[in-house]
Amino acid sequence: KFSLASYPEEFDFELIKKYGFYSPKNKKDNPNGVSRDHMYSVREGLANNVPPWILAHPANCRLMLYLDNVSKNKHCSITLDELKERIRLWDEKCGGYVPNDKKTVKY
């Protein structure tokens, strides 16, 4: 829900320049494009009662090719402890993430 452009140094925009964003056939038809990946999966987070703002935090996001993201399925590429550390480092570098409720949150 955050704008990637708000964090130009944190994401690989070269992937987007090379492949564009993913779009299904019934829209702009770019099945080989880039999508956002939740490194700690939403499904795993919901199963473990992880607060939604943690799952939506920019530190839990990376850009990757849609087909690679789909093949990852529900699997996590990082642990919850790794995500907590990523959030701590992100907030030190970029400032606290402010989710939709406009409150700065710390984990």
Side-chain angles (χ1 to χ4, degrees):
K1 296 183 179 187
F2 65 92
S3 169
L4 293 169
S6 296
Y7 306 103
E9 295 180 13
E10 304 305 317
F11 297 100
D12 184 3
F13 289 97
E14 291 302 314
L15 267 179
I16 298 169
K17 288 179 187 174
K18 185 172 182 177
Y19 297 101
F21 275 107
Y22 163 77
S23 182
K25 288 191 180 288
N26 65 343
K27 296 210 176 180
K28 295 183 181 179
D29 191 18
N30 186 11
N32 299 315
V34 174
S35 67
R36 294 183 188 207
D37 172 51
H38 290 90
M39 293 181 284
Y40 188 83
S41 80
V42 172
R43 183 180 290 179
E44 189 75 13
L46 294 174
N48 291 305
N49 297 314
V50 176
W53 72 264
I54 291 176
L55 299 175
H57 195 287
N60 191 32
C61 180
R62 70 176 169 178
L63 298 176
M64 65 187 307
L65 295 178
Y66 172 76
L67 295 175
D68 292 338
N69 196 358
V70 169
S71 69
K72 180 181 157 253
N73 197 0
K74 64 182 179 181
H75 300 291
C76 298
S77 56
I78 60 173
T79 67
L80 184 56
D81 285 339
E82 289 170 325
L83 176 55
K84 290 176 188 178
E85 178 63 8
R86 288 179 59 86
I87 289 171
R88 185 187 70 74
L89 293 172
W90 180 284
D91 289 350
E92 278 181 11
K93 181 178 179 183
C94 301
Y97 170 59
V98 180
N100 290 340
D101 67 4
K102 308 292 187 235
K103 295 177 186 171
T104 301
V105 289
K106 298 287 182 192
Y107 192 78

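The basis for the numbers below is simple: all heavy atoms, side chains too, and nothing from hydrogens, waters or symmetry mates.
Pairing each heavy atom of Trp53 with each of Tyr97, the nearest pair is O-CE2, 4.0 Å. Listed here is the closest heavy atom pair of Ser41 and Cys76: N-SG, 3.3 Å.
Transitive grouping of hydrophobic side chains (ILVMFWY, heavy atoms separated by less than 4.5 Å) keeps Leu89 and Leu83 in distinct clusters. Phe21 and Val70 fall into different hydrophobic clusters, where Ile, Leu, Val, Met, Phe, Trp and Tyr residues are linked whenever their side-chain heavy atoms come under 4.5 Å apart, directly or through other members.
Within the 4.5 Å cutoff, the side chain of Ser77 has heavy atoms near those of the Lys72 side chain. When side chains are defined from C-beta on, Glu44 does not count as touching Leu80, because their heavy atoms never get closer than 4.5 Å.
Take Glu14 and apply the side chain to side chain donor-acceptor pair (under 3.5 Å) test, not counting sequence neighbours, and it matches Lys17. Residues passing the side chain to side chain donor-acceptor pair (under 3.5 Å) test with Thr79, sequence neighbours excluded: Glu82. Contacts of Pro24 classified as side chain to side chain contact (heavy atoms under 4.5 Å, CB included), with partners at least two apart in sequence or in another chain: Tyr22, Asn26, Lys27. Partners of Ser3 by side chain to side chain contact (heavy atoms under 4.5 Å, CB included), not counting sequence neighbours, listed by chain and number: Ala5, Ser6. Under the side chain to side chain contact (heavy atoms under 4.5 Å, CB included) criterion, Glu10 pairs with Tyr7, Trp90, Lys93, Cys94, sequence neighbours left out.
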| Please walk me through it: do Ile54 and Lys84 pass side-chain contact (heavy atoms from CB on, under 4.5 Å)? | CA-CA 8 Å; Ile54 291 176; Lys84 290 176 188 178; 5.9 Å; no
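We find the CD1-CD distance between Ile78 and Glu85 to be 11.0 Å, quoted to the nearest 0.5 Å. Rounded to the nearest 0.5 angstrom, Leu4 CG and Asp12 CG are separated by 11.0 Å. For the atom pair CZ (Arg43) and NE2 (His75), the distance works out to 9.5 Å, reported to the nearest 0.5 Å.
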Please tabulate, for the side chains in residues 59-67, all donor-acceptor contacts under 3.5 angstrom to protein atoms that are two or more places apart in sequence or on a different chain.
unit_1 : atom_1 : unit_2 : atom_2 : d
Asn60  : OD1    : Met39  : N      : 3.3
Asn60  : OD1    : Tyr40  : N      : 2.7
Asn60  : ND2    : Tyr40  : O      : 3.1
Asn60  : ND2    : Leu55  : O      : 3.0
Arg62  : NE     : Asp37  : OD2    : 2.8
Arg62  : NH2    : Asp37  : OD2    : 3.3

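Using a distance-only test at 3.5 Å, with no hydrogens or angles considered, a donor-acceptor pair links the side chain of Asn30 to the main chain of Tyr19.
Counting heavy-atom neighbours within 6.0 Å of Arg88 CZ, excluding the residue itself, gives a total above 12.
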